[in-house]
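Structure, as structure tokens:
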Amino acid sequence: MAEPKENVLMEKITSLCKRRGFIFQSSEIYGGIQGFWDYGPLGAELKRNVKELWWSTMTRMRDDVVGLEATIIMHPAIWRASGHVDTFSDPMCDCLLTKKRFRADQVEPQTGTVIWFSGADAGDSPAADGIPTVGDVVAEAAKQGHFDDSGGAPERLLKSKEPMLSGSDQPFAVLLPKGKPDETAIKLAKQFYSSRGVSNPNPRFEKKEFVENSQRFNPENGSLLTPPVPFNLMFKTYVGPTATEADVAYLRPETAQAIFAQFKNVHETSRQKVPFGVAQMGKAFRNEVTPRNYTFRSREFEQMELEFFIKPDEAVEAVTGAVATPASKGHPGEPQPNWGWQLWHQYWVEERIKFYEGIGLPRTTLEEYWQKPEELAHYARACVDILFKFPFGTQELEGIAARSDFDLSQHERCSGKAMGIFDEELRTAFGKLPPEKQTALKDRYYAARLKYLTKMGVPAAEAGAAAQEDADGLAKGQYIPHVIEPSAGVDRLILALLANAFTEVTETDAKGKSETRVVMKFHPRVAPIKVAVLPLLKNKPELANKAREIFQSLRGHMMAFHDEAGSIGRRYARQDEAGTPFCVTVDFETFEGVKDGPQAGVKDTVTIRHRDDGKQERIAASELLPWLLARVK
RNA sequence: GCGGGUGUAGCUCAAUGGUAGAGCGCCAGUCUUCCAAACUGGUUACGAGGGUUCGAUUCCCUUCACCCGCUCCA
């Protein structure tokens, strides 16, 4: 539970984000739309920096990862193969009386006598004159004790001034466990029809029946539940001008599946060999039940995902003799040929933490959560969440999952296209193994494949034959790659960076007046504006011109900002709120030469003011660009 | 989806059944030799819709959004 103090902090952050143009509510002029947020000028720069750093770290700076940019709408069969259409869709139903929501398949089965009502007619009006209101009738029903079991009449109904209806034809039913009198059902029915606007209702009895293990009734009060409605988290749309069932497609709920779907193409065109990875950034969409915590859980969000394909451990063992076991916690160093999935997984966890440290989120602000075996998806072998200590609680930034060969196997089965690869090295190595070793590896691979196929409901005989085929394939150098998936949310990371950078500084001036101002302490690599160029005074043309000239020379290399409005102190403060790490000021000494110190007499220098401590240093204007580039790249 | 709270200027907050106000910010100008200086002028708001009323930002209803709790969450 969030502490009040933490809420205050979040409110300060959201307020600053709006005031300075980091984040706006989507469609604000029309009242906003739940779960959608826009990035303003500063937010757009911040996000762009983060994405570019991820892209360059994950692809350009590595030999073994290439990029992909796939469409948001893909063939709907992809989402059936991945399991999203099924797992994102839960049947839900509500209690007709209390409105409580249930997973239809998880309602505790009930046994007893069900009394059905076909509707209710209005009885005598409790009000002396005019048409009674819902509030009047509900108050009367409460007085008679109809609401006692459910903790009193709802406030909303009591306050209602809506006129009561004269009757209702809506069916209602109550399940009575053995021993409960019929009066209980009538009482609940009266309560139900009262809440539907029927004045002093007389429920119409329809029939009585005995049911066993029914999931249609609320276990807490016996009330009938609404029919189950599918609760689908997938955003649906239609491809083409007709909107029929045949045209249904989905906006992707994650970027990863496109990487699996395009695996063969990427593998064949990129001249990469397993182990290698495919990275992708982009928008994803989920109809979240409850978008909450500012941009943390949005319905439209952006992901940065890597699918890093590795050999199955059996193949690693065949080639190198033995799979290396993790020696200790921490970064295992440069990748080695004898790494199995465990070491690759550990490697990526550490690589990703290193990335966060490199953009200004110290390890102390992060937490690692290793999912317990019972929490893992059935196909996952391990999953680590990297959490950040947000003001509203410690929440997930990124998940790094070892997903076995599940995804490629699914697409192979569902598309009918082979997803395996041929590994020359493996074939050669396998042939040289002693026969008992060959058999042992084939048996293990067979067992793993059989487990997968059986789990997915492939008939036993068929599964056995297919697994045998896969095991024989391994001996010939063929396998379906396994995968390690580091999957990060961009918007969550942006929020983490904002929360981490947010710093309040209270200063008391000479007159004793204290003032609190905000400094956004972004790492220079992610800061939206890298440098502000300021003339000390506005009304001195030589200062203004020189500042403009320096600004022009920098802006092609980085996000630079030029400001000459207001006092110099005010302009520094403005940049502090934007999180600009460096302010360059052109002053009189730029022209007249440095007055004193070791640089005395040197002309054409500027001061650099540091955001976090306000300290200044003076450097030659010609040195400015390399000085800045060394710090912001 | 349920329950509670909130909604007034860019931000923070007032007041009111009868022409909506402040501080800060922002813009322009004067001035200003390093940390939100001063002065002058300007800028902008009752979340939306409906009802009651001569008149509603204020009372009522509906709706939307945000916050908290529940629920949900590969």
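Basis for what follows: all heavy atoms, side chains included, without hydrogens, waters or symmetry-related copies. Proteins come first, then strands; the chains are lettered A, B, ... in the order of their sequence lines, and each starts at number 1.
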State which residue, out of A:Glu302, A:Glu300, A:Glu254, fulfils the salt bridge (charged side-chain N to carboxylate O under 4.0 Å, His left out) condition with A:Lys283. A:Glu300

Determine the interplanar angle of the A:His345 and A:Trp341 rings, folded into 0 to 90°, and report it as parallel if under 30°, tilted if 30 to 60°, perpendicular if over 60°. tilted

Do the rings of A:Phe406 and A:His378 sit parallel, tilted or perpendicular, given the 30° and 60° boundaries? perpendicular

Which part of the nucleic acid does [X] contact within heavy-atom distance under 4.0 Å: base, sugar-phosphate only, or nothing?
X	answer
A:Thr14	nothing
A:Tyr30	nothing
A:Glu577	base
A:Arg571	nothing
A:Asn293	sugar-phosphate

Answer yes or no: does a side-chain N or O of [X] lie under 4.0 Å from OP1 or OP2 of [N]?
X	N	answer
A:Arg292	B:rC72	no
A:Arg609	B:rC35	no
A:Lys538	B:rU30	no

Taking ring-ring contact (aromatic ring centres under 6.0 Å, His included) as the criterion, tell me which of A:Phe296, A:Tyr294, A:Phe24 meets it with A:Trp37. A:Tyr294

Side chain to side chain donor-acceptor pair (under 3.5 Å) involving A:Lys538 - partner list, sequence neighbours excluded: none

Ion pair A:Glu592/A:Lys603, N-O distance below 4.0 Å: no

Go through residues 18-27 of chain A and report each residue with a non-hydrogen atom lying under 4.0 Å from RNA chain B, sorted by number. A:Lys18, A:Arg19, A:Gln25

Near RNA chain B, under 4.0 Å by heavy atom, which residues of residues 584-599 of chain A? A:Thr585, A:Asp587, A:Phe588

Which of these nucleotides, [options], is closest to any side-chain atom of [X]?
X	options	answer
A:Ser15	B:rC70, B:rC35, B:rC11	B:rC11
A:Ser567	B:rC34, B:rA36, B:rA37	B:rA37
A:Arg574	B:rU71, B:rC34, B:rC27	B:rC27
A:Arg618	B:rU32, B:rC34, B:rA36	B:rC34
A:Arg297	B:rA36, B:rC73, B:rG1	B:rC73
A:Gln34	B:rA36, B:rG1, B:rA65	B:rA65
A:Asn539	B:rU71, B:rU33, B:rC31	B:rC31

Rounding to the closest angstrom, what is the interatomic distance between [N] and [M] at atom [atom1]?
N	M	atom1	result
B:rU30	B:rA37	C1'	14 Å
B:rC26	B:rU6	C1'	27 Å
B:rA22	B:rU43	C1'	16 Å

Under 4.5 Å between any side-chain heavy atoms of A:Phe36 and A:Pro291, yes or no? no

Complement of B:rU44, any strand, by Watson-Crick or G-U distances under 3.5 angstrom: none

Tell which nucleotide pairs with B:rC59, taking only Watson-Crick or G-U wobble pairs whose two distances are both under 3.5 angstrom. B:rG51

Side chain to side chain contact (heavy atoms under 4.5 Å, CB included) with A:Val606: of A:Leu534, A:Ile550, A:Val533, A:Thr585, only one passes, and it is A:Ile550

Establish whether the base of B:rC34 is bridged to the side chain of A:Tyr572 by a donor-acceptor pair shorter than 3.5 Å. yes

Is it true that atom CD of A:Glu108 has more than 12 heavy atoms of other residues, nucleotides or ligands lying nearer than 6.0 Å? no

Exceeds 12 heavy-atom contacts within 6.0 angstrom, atom CZ of A:Arg216: no

Check for me whether the distance between the ring centres of A:Phe263 and A:Phe309 falls short of 6.0 Å. yes

